[in-house]
Amino acid sequence: MSVRVRFAPSPTGNVHIGNIRAAIFNWLFARHAGGKFLLRVEDTDRERSTPEAIQTLLQVMEWLGLNYDEVPVYQAAQRARHLAAAEQLVTSGHAFRENKDGKGECIVFRMPKEGRVEYTDIVKGTIRKKAEDTQDFVIVRSDGNPVFHLANVIDDIDMRITHIIRGDDHVENTFKHIQIFRALGDEPPQYAHLPMIVNAMGKPYSKRDGAAFVGEFREQGFLPQALFNFLALLGWAPGEDREVMTRDEMVALFTLDRCKSSAARFDLKKLIWMNGEYIRQTPAAVFRAEFEARVKADGYWHTDLPAAEVDGIVALVQPRTKFYSEIPGNCAYFFTEEYPFDAKSVEKRLKPAGVPELLEAVAQRFEALPAFDHAATEAALRAMGDERGAGLGGMVHPVRVAVSGLSDGPGLFEMLTLLGRPRVCARLRRAAARLREGTL
RNA sequence: GCGCCUAUCGUCUAUCGGUUAGGACAUAGGGUUUUCAUCCCUAGAAGCGGGGUUCGACUCCCCGUAGGCGCGCCA
């Protein structure tokens, strides 16, 4: 029988990283096996399941490249089918009607009370408990609506799901689900319960731990490939010390028996590192599009910059970018004369005595240069550093801060060349003037 | 409270009874560089505790401890 798995989120407007990680594992499993990856939208909560929420869900999946097969199933549309199954269970004696607490008549599923229930979880091994430790549970509410457990199982039957890969907060539910499958005369599918993702404190990862939703990572400028790769490695390891992998490699390597069963902490530092790896691999044109979007959103962008200059900026910025949202703060000086100055850098590099004179002397020297390029500017600063006994560093640091407002960034001479002589000299003189006025 | 699950460097993990317990992130130091990033080198850093089983346990079993999950007419 060919593999059929599903991702069954309830659309609430935000997709939690724990859920999307489950989707990733399902997807990898299906693609590895050459099976089907299906989407089932569990939209029975009419309050939260808005069209916008469903759109968000679909967008997130597309962004991460989680393409699904077949037509998505909307659980709310299966209501009649769920209720029919409940009737069938009543008829066969596996369920009964009851008026609990006077709330009206609901349908309760009867759990076996003798022996033990067990199942073999692909990642957790055999899980068993005494039947007496399980309890009957409601499958149709007194308002006539099917409950999660019922709907979930019926849909899995209808979709001919072969493997259920989900978070391990469902291990207990599985006992219930298995009994429903059997009561309906179906063999339960295979189960694989994934460990939870926890925060730095070892507690379940939530909103309070920073970004918890996929959309937030996207906004911060994480690449889908990086997030995908990173999340895939939370609870799974292909062995052989493989970490940064292409999607195809992950598909080829993925197996459930290499999944761990203990909780994994979300290490943002490692995600940031990995994202940097992916950004450096990104084609320049792709990076440039995102770069432009980010700078525009921040208001610095102007369209009259020659394309070649933008290319130059991108070439300097891309190699040192870890995530896109840090771009505007690092690049303002490429686009405006009103670039902000970092207070600490000003204090350290521009406040010392003699700096205004030094900046003006540099401007003068630069203006006298026959050509304003990397070699010439470097030679000029080296010479001045020697003359003044300040060394190259003594020249470079004040100039960098004066010209960019920051103490770190691309190589200074690449930066100067890109900015061009007029802008560089004007900035040096203006910084000197402002230092004298005390407005810096 | 009852039940189920889990337990290797700070973090993600490798190890399927025999290893100097390996890799990556992070950290520290060094090299390259004008800064940052990259790149390279180096260092420190781990088997929760106690019993077994075994010639030999991180690995298997039991107990304890800690944590997680579940115990809804939520999903």
Side-chain angles (χ1 to χ4, degrees), chain A residues 8-10 12 42-45 48-49 75 98-101 103-108 121 123-125 127-130 132-135 137-149 151-152 167-176 193 195-198 200-204 230 233-244 257-258 260-274 276-277 279-280 316-322 330 345 349 377-378 381-382 385 391-401 404 406-416:
Chain A
S10 49
T12 58
E42 304 210 329
D43 56 347
T44 51
D45 184 337
R48 295 190 294 170
S49 301
Q75 188 164 65
E98 186 181 356
N99 187 342
K100 294 165 83 174
D101 309 320
K103 288 187 199 168
E105 205 166 64
C106 60
I107 299 180
V108 178
D121 189 284
V123 341
K124 288 186 180 291
I127 298 178
R128 74 186 102 214
K129 73 194 300 182
K130 292 192 272 283
E132 64 191 70
D133 290 328
T134 65
Q135 290 180 323
F137 58 97
V138 174
I139 53 176
V140 177
R141 284 185 272 272
S142 49
D143 65 5
N145 286 315
V147 166
F148 163 74
H149 303 295
N152 198 266
D168 71 6
D169 46 333
H170 282 293
V171 284
E172 300 286 334
N173 289 336
T174 303
F175 291 111
K176 296 176 179 160
H193 285 102
M196 307 293 280
I197 295 177
V198 299
M201 304 300 293
K203 302 292 182 188
F230 177 76
L233 257 15
L234 251 33
W236 172 69
E240 298 174 13
D241 299 328
R242 302 288 302 278
E243 294 214 303
V244 177
D257 57 19
R258 291 202 61 93
K260 281 215 348 168
S261 59
S262 54
R265 290 183 199 220
F266 189 93
D267 183 0
L268 185 60
K269 292 242 179 81
K270 188 157 185 174
L271 204 214
I272 290 172
W273 162 77
M274 189 172 277
E277 295 282 306
I279 283 185
R280 269 177 264 127
L316 295 185
V317 172
Q318 181 171 0
R320 59 202 89 225
T321 299
K322 297 283 199 184
N330 291 339
S345 303
R349 302 298 186 188
T377 50
E378 177 167 2
L381 286 194
R382 279 192 192 280
L392 183 56
M395 303 301 299
V396 156
H397 296 304
V399 170
R400 172 186 293 284
V401 177
S404 73
L406 303 170
S407 53
D408 43 50
L412 180 64
F413 306 111
E414 286 87 345
M415 187 199 293
L416 295 178

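- Figure legend. C2(B) is base-paired to G70(B); pairs are counted as Watson-Crick or G-U wobble with both atom distances under 3.5 Å.
- Under the Watson-Crick and G-U wobble criteria, each requiring two contacts below 3.5 Å, nucleotide A43(B) is paired to U27(B).
- Rounded to the nearest Å, the gap between the P atom of U59(B) and that of C71(B) is 33 Å.
- Contacts of N330(A) with the nucleic acid, taken as non-hydrogen atoms under 4.0 Å apart, are absent.
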Show me the protein contacts with nucleotides 63-69 of chain B, counting only N or O atoms at under 3.5 Å.
unit_1 : atom_1 : unit_2  : atom_2 : d
G68(B) : OP1    : K203(A) : NZ     : 2.4

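- No contact: F266(A) has no heavy atom under 4.0 Å from any strand.
- Among the protein residues, G104(A) comes within range of the nucleic acid bases, having at least one heavy atom under 4.0 Å from a base atom.
- Among the atoms of the strands shown, base atoms are found under 4.0 Å from some heavy atom of P410(A).
- Across all strands shown, U53(B) forms no Watson-Crick or G-U wobble pair with both key distances under 3.5 Å.
- For U59(B), there is no paired nucleotide, since no Watson-Crick or G-U wobble pair has both relevant distances below 3.5 Å.
- Only the C1' atoms considered, C62(B) is 34 Å distant from G23(B), to the nearest whole Å.
- Atom-to-atom, CD of E243(A) to C1' of A14(B) comes out at 10 Å; the value is rounded to the nearest Å.
- Between K100(A) and the phosphate of C73(B), there is a side-chain N or O to OP1/OP2 separation shorter than 4.0 Å.
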Worked verdict on M274(A) versus L233(A) for side chain to side chain contact (heavy atoms under 4.5 Å, CB included): CA-CA 11 Å; M274(A) 189 172 277; L233(A) 257 15; 4.0 Å; yes

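- The main-chain N or O of N145(A) is found under 3.5 Å from a side-chain atom of D143(A) such that the two form a donor-acceptor pair.
- Within 4.0 Å (heavy atoms only), G393(A) reaches no atom of the nucleic acid at all.
- A gap of 16 Å separates the P atoms of A7(B) and G47(B), to the nearest Å.
- No donor-acceptor contact under 3.5 Å links the side chain of R320(A) to the base of U38(B).
- Summarising the geometry, the separation between NE2 on H193(A) and C1' on G70(B) is reported as 11 Å, rounded to the nearest angstrom.
- R400(A) places a side-chain N or O within 3.5 Å of a backbone atom of P410(A) that can act as its donor or acceptor partner.
- Between Q135(A) atom CD and G3(B) atom C1' there is a gap of 10 Å when expressed in whole angstrom units.
- Distance, D267(A) CG to U11(B) P: 10 Å, rounded to whole Å.
- What separates NZ of K103(A) from P of C73(B) is a distance of 6 Å, to the nearest Å.
- Within the nucleic acid shown, K269(A) comes within 4.0 Å of sugar-phosphate atoms alone, with no base atom in reach, counting heavy atoms only.
- With both ends at atom P, the span from U65(B) to C25(B) equals 39 Å, rounded to whole Å.
- Remark: the K322(A) side chain and the A37(B) base include no donor-acceptor N/O pair separated by less than 3.5 Å.
- At the heavy-atom level, R400(A) lies under 4.0 Å from base atoms of the strands shown.
- Residue R382(A) is classed as a sugar-phosphate contact, given heavy-atom separations below 4.0 Å to backbone atoms only.
- The R265(A) side chain lies nearest to C12(B) when the options are C73(B), C12(B), A75(B).
- Counting only heavy atoms from C-beta on, R280(A) has its side chain closest to C39(B) among C39(B), U35(B), A75(B).
- When Watson-Crick and G-U wobble pairs are counted only if both distances are under 3.5 Å, C36(B) pairs with no nucleotide at all.
- For the side chain to side chain donor-acceptor pair (under 3.5 Å) with H193(A), the qualifying choice from D169(A), D168(A), D121(A) is D121(A), the only one to do so.
- Side-chain atoms of R141(A) lie closest to C74(B) of the nucleotides C36(B), U6(B), C74(B).
- Counting only heavy atoms from C-beta on, H397(A) has its side chain closest to U34(B) among G23(B), U34(B), A75(B).
- L233(A) places its CG atom 12 Å from the P atom of C25(B), with the value rounded to the nearest Å.
- Remark: R258(A) is in phosphate contact with U15(B), judged by side-chain N or O atoms under 4.0 Å from OP1 or OP2.
- When distances are taken from the side chain of A237(A) to each of C73(B), C5(B), A14(B), the shortest belongs to A14(B).
- Residue whose closest nucleotide on RNA chain B sits further toward the 5' end, between L392(A) and K130(A): K130(A).
- Taking atom CD of residue E42(A) and atom C1' of nucleotide C74(B), one finds them 12 Å apart after rounding to whole Å.
- The backbone N or O of L271(A) lies less than 3.5 Å from no partner atom in the side chain of D267(A), so there is not a single donor-acceptor pair.
- With C71(B), C25(B), G3(B) as the candidates, the nucleotide lying closest to the side chain of K270(A) is C25(B).
- Taken to the nearest 0.5 Å, the NE2 atom of H397(A) stands 10.0 Å off from the CG atom of L412(A).
- In this structure, CD on E98(A) lies 11.5 Å from NZ on K103(A), to the nearest 0.5 angstrom.
- Using a 4.0 Å heavy-atom distance criterion, Q318(A) is classed as making no nucleic acid contact.
- The pairing partner recorded for U65(B) is A7(B), the criterion being a Watson-Crick or G-U wobble arrangement whose two distances lie under 3.5 angstrom.
- Across all strands shown, S261(A) has heavy atoms under 4.0 Å from sugar-phosphate atoms exclusively, and none from any base.
- Here S10(A) lies in heavy-atom contact (under 4.0 Å) with sugar-phosphate atoms only.
- If you check U11(B), C5(B), C12(B) against the side chain of I127(A), the one that comes closest is C5(B).
- Expressed to the nearest 0.5 Å, how far NZ of K322(A) lies from CD1 of I279(A) amounts to 9.0 Å.
- Atom P of G22(B) sits at a distance of 14 Å from the matching atom of C9(B), rounded to the whole Å.
- Using P as the reference atom, U53(B) and A46(B) are 29 Å apart when rounded to the nearest Å.
- Computed from coordinates, the W273(A) CH2 to C12(B) P distance equals 16 Å when rounded to whole Å.
- Distance OG/S261(A) to CE/M196(A): 13.5 Å, rounded to 0.5 Å.
- Look at C16(B): it lacks any Watson-Crick or wobble partner with both distances under 3.5 angstrom.
- Of the C1' atoms belonging to A21(B) and C58(B), the separation is 8 Å, rounded to the nearest Å.
- Of the candidates G23(B), U38(B), U34(B), the closest approach to any side-chain atom of V396(A) belongs to U34(B).
- Comparing U6(B) with U13(B), their C1' atoms sit 16 Å apart, to the nearest whole Å.
- G411(A) comes within 4.0 angstrom of a nucleotide base, judged by non-hydrogen atoms across all strands.
- Picking from U34(B), A7(B), A14(B) the nucleotide with the shortest atom distance to the side chain of K260(A) gives A14(B).
- No contact: E240(A) has no heavy atom under 4.0 Å from any strand.
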